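A quick write-up on the structure given underneath.
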Amino acid sequence: MVGRIGRGVGTERRSVGVHDAELGAAVDRAQQGDDEGFAIAYRLVQPGLIGYVRGLVGDDAEDVASEAWLEIARDLGRFRGDGAGFRGWTATIARHRALDHLRRQKRRPRTTLLEQDMLELPGGNDTAAAALEKLSTEQALELIGSLPRDQAEAVLLRVVVGLDGPASARVLGKRPGAVRTAAYRGLKRLAGQLTRAGARGATSGAQRMLKDGT
């Protein structure tokens, strides 16, 4: 059911806002029993969703995403909201299934837990996010996977799934300020890694953006 990621992170992120209205309409149709509406919703959500899950469980992402979509289909009638809300709702379900999977495997997510909660700090590092968009999906996920768990999840939800701060906070069950801080610190850390390591194949333009913004 679930296909492999075929596009870069930047393509996924840029398309999110553009398609939210289409997604909301498709979800409405799907809730009325329209199979084509569900297929459209799946097509619009799946690339970002599986990228997020892959950042949590690695190579088991397709199986976990399939479990998530079974639950999404089963509980679709309970959903209330617009296209952006649907993306957040599906990300929450996928996260629960990923954590269940990790518990069954008796191992933690690939990234490590951060010892303390984040303080509320403003802003983010848009140059690092822009640089991640220049990388292939696999390169970006490899870099994000090196972060502490809460930073990695915050970056995944922002850059891969395309959620804003409040929506990401709802998925993670944390304060919006803490999630903004985690995303900021994660992107700042990635910016340093990308600059030092030559972005592992990132374009020279992406590297220039990082040097200008760090």
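On a predicted model such as this, the values are computed, not experimentally measured, just so you know. Residues take their numbers from the sequence shown, with the count starting at 1.
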Subject >> Closest non-hydrogen atom pair between Leu76 and Ala30, with its separation >> reply: CD2-CB, 3.6 Å

Original post:
With a 4.5 Å heavy-atom cut-off, do Pro148 and Arg189 have their side chains touching?
Top reply: yes

**OP:** Mark yes or no for whether Asp75, through its side chain, and Arg78, through its backbone, hold a donor-acceptor pair below 3.5 Å.
**Re:** no

Original post:
Minimum heavy-atom separation for Ala154 to Val179, with atom names?
Top reply: CB-O, 3.8 Å

Original post:
Taking the side chain as C-beta and beyond, is there a heavy-atom pair between Leu187 and Arg158 under 4.5 Å?
Top reply: yes

Original post:
Could you give the distance from OG (Ser168) to CZ (Arg180), rounded to the nearest 0.5 Å?
Top reply: 11.0 Å

**OP:** Kindly compute the distance separating CZ (Arg54) from CD (Glu62), expressed to the nearest 0.5 Å.
**Re:** 6.0 Å

Original post:
When rounded to the nearest 0.5 angstrom, what is the spacing between CG in Asp164 and CZ in Arg170?
Top reply: 7.0 Å

Original post:
Which atom pair, heavy atoms only, marks the closest approach of Gln31 to Phe79?
Top reply: NE2-O, 2.9 Å

Original post:
Under the 3.5 angstrom rule, does the side chain of Ser146 hit a backbone N or O of Glu142 as a donor-acceptor pair?
Top reply: no

**OP:** Could you pull out the closest heavy-atom pair between Ala26 and Ile40, with the gap in Å?
**Re:** CB-CG2, 3.7 Å

Original post:
Is Asp20 close to Phe86 at the side-chain level, that is, under 4.5 Å between some pair of heavy atoms?
Top reply: no

Original post:
Can you name the nearest heavy-atom pair linking Asp150 to Ala182, along with the distance?
Top reply: O-CB, 3.8 Å

Subject >> Mutual orientation of the aromatic rings belonging to Phe38 and Trp69 [parallel < 30°, tilted 30-60°, perpendicular > 60°] >> reply: perpendicular

Subject >> Contact summary for Ala94 and Leu49, nearest pair of heavy atoms >> reply: CB-CD1, 3.6 Å

Original post:
Are His96 and Glu71 close enough, and set up right, to give a side-chain contact (heavy atoms from CB on, under 4.5 Å), and what steps lead you there?
Top reply: CA-CA 11 Å; His96 289 165; Glu71 183 172 341; 5.8 Å; no

Original post:
How about Glu67 and His101: do any of their side-chain heavy atoms sit closer than 4.5 Å?
Top reply: no

Original post:
CD1/Ile144 to CG/Leu156 distance, rounded to the nearest 0.5 angstrom?
Top reply: 4.5 Å

Original post:
Under a 4.5 Å cut-off applied to non-hydrogen side-chain atoms, are Leu23 and Val45 in contact?
Top reply: yes

Original post:
Hey, what do you get for CD (Gln151) to CG (Leu190), rounding to the nearest 0.5 Å?
Top reply: 8.5 Å

**OP:** State whether the side chain of Arg87 and the backbone N or O of Val161 hold a donor-acceptor pair below 3.5 Å, judged by distance alone.
**Re:** yes

Original post:
In Å, rounded to the nearest 0.5 Å, how long is the span from CG of Leu44 to CD of Glu22?
Top reply: 5.0 Å

**OP:** Return yes if some donor-acceptor pair links the side-chain N/O of Gln46 with the main-chain N/O of Ala65 below 3.5 Å, else return no.
**Re:** no

Original post:
Can you tell if the side chain of Tyr52 reaches within under 4.5 Å of the side chain of Val171, non-hydrogen atoms only?
Top reply: yes

Subject >> All side-chain hydrogen bond (donor to acceptor under 3.5 Å, both in side chains) counterparts of Asp34, not counting sequence neighbours >> reply: Arg29

